[in-house]
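Proteins get letters first, then strands, A, B, ... in listed order; numbering begins at 1 in each.
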Amino acid sequence: MELTALPRAFYDRPVVRVARELIGCLLVRETIEGLLVGRIVEAEAYLSQRDAACHAAAGQTRRNSSMFGPPGHAYVYAIHARYCLNAVTEPAGTPSAVLIRAVEPLAGLSGMRQRRGREAVCELARGPGRLCEAFAIDRQLDGSDLTRGTDLWIAQDGYRLSRRDLARSPRIGVTSAHDLPLRFFLDGSRFVSGPRKLHRRPVR
DNA sequence: CTACCGATTGACT
DNA sequence: GTCAATCGGTAGA
């Protein structure tokens with residue numbers, strides 16, 4: 001498995017493009033008990049200050065300051081007593097990010113099972129909060145550099161998904177800007193979050 | 001300091 | 001399908 005971290009240039013591009021291309025990439029986490037690896041099957045774009053659903057829309061605070069920094073760093077925030085992982089995109093000063101919503105677990109499943117208290121592979125990293133619990137991600141990793149290939153990073157292996165397998169829908173859970181189709185996911189994947197009807201491409 | 005609130009989850013009808 | 005627990009972040013007194 002090729003696990004070289006994606007370069008800064010990958011993240012230094014329009015956030016929607018990065019979100020789309022992150023589907024199929026590998027999320028990698030170094031822990032004491034070994035490497036955790038999962039294939040990203042669902043992600044959402046948050047578009048800077050013109051997007052009401054983006055945490056940066058109301059301006060910079062201590063919580064969201066990572067999003068205002070350079071691309072290729074993690075933005076980890078707490079919500080409802082969970083954590084969620086984002087990859088910061090676009091040049092510094094453009095506070096946009098991609099929320100990693102779900103991965104298909106590939107390696108390090110025993111540690112994930114232990115932290116999640118669940119056996120079923122589907123239940124380990126389906127949803128942004130579950131994913132962070134399985135991968136031992138918390139606010140300590142906020143702002144960490146995803147391009148160094150230590151602690152936490154994203155890699156691209158030989159896997160290529162066909163255009164037909166990449167689906168797009170409105171974002172899940174947001175209370176504003178419901179209409180924007182900024183959620184990308186692997187069509188039909190069992191490892192995607194949300195109700196079952198959102199596991200497939202919406203009919204058009 | 002108090003008073004909300006949410007890019008969630010899991011338990012339950 | 002519905003619903004409430006959860007708690008850090010934020011704003012405001």
With heavy atoms under 4.0 Å as the rule, sort A:Arg196 into base, sugar-phosphate or nothing. nothing
Compare side-chain N and O positions of A:Arg139 against OP1 and OP2 of C:dG9 and report whether any pair is under 4.0 Å apart. yes
Measure the distance from NE2 on A:His80 to P on C:dA5 and round it to the nearest whole Å. 13 Å
Could you check which of B:dT9, C:dG8, C:dT10 has an atom nearest any side-chain atom of A:Arg62? C:dT10
Between A:Ser193 and A:Glu42, is there a side-chain donor-acceptor contact under 3.5 Å, judged purely by atom types and distance? yes
When rounded to whole Å, the CZ to C1' distance for the pair A:Arg82 and C:dT6 reads 8 Å
Is_stacked (A:Tyr46, B:dA7) at 5.5 Å, 30 deg: yes
Output for pair (A:Ile40 CD1, A:Ser189 OG), nearest 0.5 Å, gives 12.5 Å
Atom pair CZ/CZ of A:Arg20 and A:Phe184 - distance to nearest 0.5 Å: 5.5 Å
Between A:Arg118 and A:Thr175, just flag the one whose closest nucleotide in DNA chain B comes earlier from the 5' side. A:Thr175
Could you check how far OH of A:Tyr77 sits from P of B:dA7, rounded to whole Å? 7 Å
What's the closest nucleotide to the side chain of A:Ala81 if the choices are C:dT6, C:dT10, B:dA7? C:dT6
In whole Å, what is the span from the CD atom of A:Glu44 to the C1' atom of B:dT8? 12 Å
Just do the salt bridge (charged side-chain N to carboxylate O under 4.0 Å, His left out) check on A:Glu133 and A:Arg115 with the steps written out, would you? CA-CA 6 Å; A:Glu133 189 173 33; A:Arg115 274 181 294 277; over 6 Å; no
If C:dT6 has a Watson-Crick or G-U wobble mate with both distances under 3.5 Å, name it; if not, just say none. none
Among B:dA7, C:dC7, C:dT10, which nucleotide has an atom closest to any side-chain atom of A:Ile79? B:dA7
Can you tell me how far P of C:dA11 sits from NE2 of A:His55, to the nearest Å? 13 Å
note: A:Asn64, atom CG; C:dA11, atom P; distance rounded to Å ~ 10 Å
A:Ser66 side chain to A:Asp142 side chain, donor-acceptor N/O pair below 3.5 angstrom: yes
Would you indicate, yes or no, if B:dT9 has its OP1 or OP2 atom less than 4.0 angstrom from a side-chain nitrogen or oxygen of A:Arg116? no
Atom CG of A:Leu131 and atom P of B:dA7 are separated, to the nearest Å, by 18 Å
A:Tyr83 atom OH is separated from C:dT6 atom P, nearest whole Å, by 16 Å
